[in-house]
Each structure stands twice: as structure tokens, then as C-alpha cells.
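Working notes for the structure below.
Within every chain, numbering begins at 1; the chains are lettered A, B, ... in the order of the sequence lines, protein sequences first and strands thereafter.
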2 protein chains.
Amino acid sequence: MATVKTSRGRGRKGAPREPLTVERIVEAAIAIADAEGTSALTMRSVAAALGVQAMSLYNHVANKDAILDRMVDAAFARVVVPTDVDWRTAMRARALAIYEVLRAHPWAIGLLESRRTPGATTLTHHDATIGVMRRAGFSAALVAHALAALDAYVYGFAIQEVSLPLQPSEDIPALAQEVLASMPSDALANLAWFAAEHVMQPGYSFSDELEYGLDLVLDGLERAHLAARPARAARSKRGRD
Amino acid sequence: MATVKTSRGRGRKGAPREPLTVERIVEAAIAIADAEGTSALTMRSVAAALGVQAMSLYNHVANKDAILDRMVDAAFARVVVPTDVDWRTAMRARALAIYEVLRAHPWAIGLLESRRTPGATTLTHHDATIGVMRRAGFSAALVAHALAALDAYVYGFAIQEVSLPLQPSEDIPALAQEVLASMPSDALANLAWFAAEHVMQPGYSFSDELEYGLDLVLDGLERAHLAARPARAARSKRGRD
DNA sequence: ACCTGAACACCGTTCAAGT
DNA sequence: ACCTGAACACCGTTCAAGT
């Protein structure tokens with residue numbers, strides 16, 4: 001079919017300007033998933049974006065699953081854990097950074113579930129995170145509580161936000177009206193109350209809920225931390241670390 | 001190929017014993033997803049389980065997406081919200097029930113993300129949930145906080161659990177050892193400390209973390225609830241409702 | 001060593017044809 | 001009204017062949 005051979009991708013010297021690498025493959029895959037969603041992410045589409053045939057990818061990655069693993073790792077590489085502030089500030093910043101990544105790359109949420117082999121980046125990140133709490137005097141058990149609770153909350157919040165019926169810009173009140181109209185009016189009286197009282201109010205935005213719950217969890221952890229070691233906590237107020 | 005026509009699925013009277021319905025299709029789809037995962041869930045596999053051709057399904061459902069929507073709705077139909085107990089007991093039971101559903105049907109977690117059209121069951125469930133808090137005197141804003149925080153936590157916890165590297169029965173300590181051995185030993189000192197101190201301890205089970213974080217969130221909500229209406233809360237201690 | 005055409009065994013879905 | 005065979009335009013992946 002295609003009788004014309006393009007010379008794109010080749011420099012003046014005749015050598016391939018951009019040789020195919022795992023990094024370039026993952027980069028192209030992320031760009032496609034960001035722009036068109038995971039359903040558009042196929043071996044053929046990734047290859048096409050790189051000006052290559054689908055089968056060439058198999059020279060650099062084992063299969064599509066390997067690409068998905070790398071994509072998650074690459075996305076989370078952007079989450080930095082601040083180490084020069086107190087644990088609460090650091091863990092709060094980390095949670096918000098993870099949330100931003102999941103917002104920017106919604107496909108990462110769906111992929112979290114199926115990826116089971118943490119990359120080097122993920123391991124380093126967790127090491128830094130644990131370090132923040134360890135230096136603040138957290139017991140290993142409390143570190144486990146904090147990691148599980150904070151990550152669960154952020155992941156789950158991102159999931160909820162993605163699965164909302166409509167984009168933020170669209171008319172949520174209108175949808176609420178329509179849904180309510182389709183049912184016996186008194187069957188969903190509480191939902192109607194909630195919609196009228198809250199969801200349909202002018203400034204409503206689900207995203208605003210993120211920090212409320214996050215601070216709820218951080219409050220609880222702080223309380224547990226102080227209860228476990230009140231002496232040292234008081235001592236560290238005046239002095240080092 | 002298949003020259004033998006079976007008479008299974010037909011009663012003695014010659015009439016189809018189990019006519020194809022949306023309910024039977026969804027039921028079969030759930031059974032397949034539970035047993036073999038979503039990757040085994042195809043129009044052809046669902047049809048085969050019902051002793052029918054793939055194309056017959058289209059007489060009862062619009063497409064595969066419609067089946068997925070129905071599956072999520074059917075799974076969550078099993079979550080009941082107790083209405084004869086105080087709000088905290090009710091919301092705690094609801095959270096644990098949702099968690100149980102997500103554990104029993106791990107495919108539901110992955111589907112949560114993409115399903116955007118709530119069914120009648122989902123709406124009724126939310127109405128009952130809002131009712132529990134409304135009757136306890138929650139403001140609409142606090143109801144929103146509670147719903148977002150609790151659901152985020154439970155969904156996120158289920159996601160984390162599914163994405164754990166290994167099944168509970170397998171040897172997590174062994175994996176931890178292997179991972180640590182593959183890196184420079186001091187590069188992941190905090191992770192090593194955490195693993196030795198906590199993950200590799202005999203009784204370790206990630207599932208145990210669920211209730212800790214759940215109670216953390218419930219504590220925070222209770223505090224907010226009491227702070228917002230201390231007078232009425234005290235009054236309801238002695239008396240009606 | 002890296003790239004590729006052709007092919008395989010699958011998908012979801014359409015359509016015209018059967019009863 | 002409901003079921004179906006054949007076909008379409010896709011998938012991920014293998015393999016033998018090219019350079």
C-alpha cells in the first residue's frame with residue numbers, strides 16, 4: 001500500500017536520530033493514554049507514534065504489561081517527598097502530590113490495581129516516605145497505619161473523582177434534577193434534600209472535599225503519635241531535629 | 001464442527017426453560033469475572049456460559065458496557081445500610097459491607113472508575129445513607145464530608161489490597177528479602193527497617209489496617225459533628241430518636 | 001542487533017438471514 | 001420477537017525473514 005518511504009526520524013548523517021529505547025516507548029505510551037485514554041493505548045498506536053511497526057516494540061519490552069508497569073513507575077517518579085520539614089507537612093505535601101499525579105494521569109488509577117511489581121523508583125520513594133516518619137519518632141506500626149490510611153484515602157478520592165458522572169465544567173445541578181424527576185419524588189427524599197442543600201449550591205465542587213478528609217486523617221495520626229510518645233514530642237519542641 | 005445439537009436448556013414442554021434475560025446475562029458475567037477475572041469476561045464467554053451465541057446477548061443489552069454497568073449495580077445491591085442504630089455504627093457497618101463487596105468481587109474496583117451512570121439501586125442506597133446522617137443532625141456539608149472521606153478511604157484501601165504484590169497466603173517476608181537484596185543495602189535503609197520491624201513480623205496482615213484508618217476517619221467526623229451542634233447532641237442523649 | 005511482513009487466535013459489534 | 005452464521009475492523013503476540 002504505502003509506496004512512499006519517509007525519511008523522518010533520520011538525521012543528516014544517515015544514522016537514526018532517535019533510536020528506539022524503553023524510555024521513548026514509555027513516554028509515547030503515556031502521551032497517548034493522557035490524550036486519548038487507555039482504550040486508545042495499543043501496541044500499534046504506540047508504535048505508530050514512534051514511526052515504527054508494532055513488532056519493533058518487542059525488541060525493547062517483553063509485552064504490553066511491561067509498558068503499563070513502566071508507565072505507573074514513571075508517573076509516580078514525579079512525586080517528591082520533602083525531607084526538610086516536619087512529618088505532617090511532608091506527608092500532607094506527598095498526599096497532594098500523589099493526588100496531582102492521579103489527576104494528571106487518570107489512567108494511573110486504573111493501572112494501580114493491576115500492577116504488582118514495584119520498580120526502583122517506587123521503592124526509593126517509599127524509603128524516603130518511611131524515613132520522614134521514622135525520623136519523627138514513629139513506631140513501625142504507626143508508620144504502617146499512616147501509609148495505609150493516607151494512601152487509601154488519596155487513591156480512593158481520585159477514584160471517586162474520576163467516576164463522577166460529569167466533568168466539573170458541565171451542569172451537575174441539571175443532571176441531579178433529571179435523575180430526581182425520573183423517580184417517585186418521595187422515594188429519594190434524602191437525596192433530594194442533599195442535592196438541594198449542597199450539590200446544587202452555586203460554589204459546589206467535589207474537589208474541595210479532598211483536603212477536609214486528608215486533614216481528618218492527619219489529625220488522627222498526629223493524636224496517635226503524640227499519645228505514643230508524649231515526652232519526646234515535648235522535648236523536640238525546643239531543640240534539634 | 002459441532003454436529004450434535006444438545007437439548008439442554010429446554011424443558012419437556014418444548015418451551016425454553018430459562019429464557020435469556022438481562023438478569024441472567026449479568027449473573028453469568030459476574031460468575032465469570034469472580035472466577036477468572038475481567039480479562040476472561042468477553043461477550044463470547046458470557047454467551048457460552050448461557051448456552052447461546054454471543055450475538056444473542058445484543059437482543060437484551062445494548063453492548064458490553066451496559067453489562068459492566070449492571071454488574072457494578074448488582075454487586076452494590078448487597079450493601080445494606082442499617083437504619084435502627086446510631087449514625088456511627090451504621091456508617092461503620094456500611095463501610096465494612098462495601099469493603100466486603102470489593103473483596104468478594106475485585107473486578108468491581110476496576111469498574112468503579114469507568115462507570116458513570118448510577119442505577120436505581122445505587123441511588124436508593126445513597127438515599128438511605130444520607131438519611132442516616134441527616135436524622136442524626138448532620139448538616140448537608142458534613143454529610144458531603146463524611147461520604148467523600150469514608151468512601152474514598154474504603155475504595156482506596158480495597159485498591160491497595162488488590163495491588164499488593166502477593167496473595168496473603170504466600171511468603172511476603174521472602175519477597176521483601178529478595179527485593180532488598182537486589183539493591184545497594186544502605187540505599188533503602190528505611191524500607192529495610194520497616195520490613196524487619198513490621199512487615200516481616202509473624203502476625204503481619206495488611207487487612208488489619210482497615211479498621212484503624214476507618215476509626216480514624218469516624219473519630220474525626222464525630223468530633224466535627226459534636227463541635228457543630230453540641231446542644232442538640234447533648235439533648236438527644238436523654239430521649240427520643 | 002534491530003526491524004518487519006504475514007499470520008494466528010482472539011476481541012466487540014453489525015447485518016442479513018433464519019425461525 | 002428472538003436467535004444466529006458470516007463477516008468486519010480491530011487486538012496482542014509469534015515467527016521467519018530481512019538488513
Side-chain angles (χ1 to χ4, degrees), chain A residues 1-11 13-26 28-29 32-33 36-71 107 110-111 114-115, chain B residues 1-11 13-26 28-29 32-33 36-71 107 110-111 114-115:
Chain A
M1 285 279 184
T3 54
V4 181
K5 272 219 165 168
T6 73
S7 60
R8 281 199 297 156
R10 297 204 170 254
K13 285 181 179 176
R17 215 181 47 194
E18 323 176 79
L20 215 49
T21 62
V22 197
E23 287 73 22
R24 289 190 64 222
I25 291 174
V26 173
I32 292 171
E36 306 168 64
T38 34
S39 64
L41 184 69
T42 69
M43 296 302 273
R44 285 169 172 87
S45 71
V46 173
L50 294 165
V52 110
Q53 294 302 115
M55 308 80 209
S56 305
L57 303 179
Y58 288 90
N59 287 306
H60 301 90
V61 293
N63 49 31
K64 190 180 178 181
D65 261 19
I67 298 182
L68 297 177
D69 277 334
R70 293 277 203 148
M71 287 171 70
W107 46 263
L111 257 45
S114 49
R115 306 299 102 200
Chain B
M1 284 278 186
T3 55
V4 181
K5 270 223 164 166
T6 74
S7 61
R8 281 198 297 155
R10 298 209 166 251
K13 287 181 179 174
R17 215 182 48 195
E18 323 176 78
L20 215 49
T21 61
V22 197
E23 286 74 23
R24 289 190 63 224
I25 292 173
V26 173
I32 292 172
E36 306 167 63
T38 35
S39 64
L41 184 70
T42 69
M43 297 302 273
R44 285 170 172 86
S45 71
V46 173
L50 294 165
V52 109
Q53 293 301 115
M55 308 78 210
S56 305
L57 303 178
Y58 289 91
N59 286 306
H60 301 90
V61 294
N63 48 32
K64 192 181 177 180
D65 260 19
I67 297 181
L68 297 177
D69 277 333
R70 293 276 203 150
M71 287 171 70
W107 46 264
L111 257 45
S114 49
R115 306 297 102 201

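- Looking only at distances, a side-chain donor or acceptor of A/Ser45 sits under 3.5 Å from a matching main-chain atom of A/Ala40.
- Going from atom CE of B/Met55 over to atom C1' of C/dA17 covers 14 Å, rounded to whole Å.
- The two residues B/Val22 and B/His60 come nearest to each other via the heavy atoms CG2-O, 3.7 Å.
- Nearest to the side chain of B/Val52, among D/dT4, C/dT4, C/dG12, sits D/dT4.
- Scanning both residues, A/Ala28 and A/Ala49, for their nearest heavy atoms gives CB-CB, 4.5 Å.
- Put simply, CD1 on A/Ile25 is 12 Å from C1' on C/dC3, counting in whole angstrom units.
- Between the side chain of A/Asn63 and the backbone N or O of A/Ala66, at least one donor-acceptor pair lies under 3.5 Å.
- Between the C1' atom of C/dA7 and the CZ atom of A/Arg44 lies a distance of 11 Å, rounded to the nearest Å.
- With rounding to whole Å, B/Asn59 atom CG is found 17 Å from C/dG18 atom P.
- If you check C/dA6 for Watson-Crick or wobble pairing at under 3.5 angstrom, you find it paired to D/dT14.
- Side-chain nitrogen and oxygen atoms of A/Ser56 include none within less than 4.0 Å of the OP1 or OP2 phosphate oxygen of C/dC2.
- In this structure, CD of B/Gln53 is placed 18 Å from P of D/dC2, rounded to the nearest angstrom.
- The separation between A/Met43 atom CE and D/dT14 atom P is 10 Å, rounded to whole Å.
- Heavy atoms of B/Leu57 sit nowhere under 4.0 angstrom from any nucleic acid atom.
- Atom NZ of B/Lys64 is separated from atom P of C/dC11 by 9 Å (rounded to the nearest Å).
- Close to D/dC3, at under 4.0 Å from its OP1 or OP2, lies a side-chain N or O of B/His60.
- Nucleic acid contact class of A/Leu50 (heavy atoms, under 4.0 Å, all strands): none.
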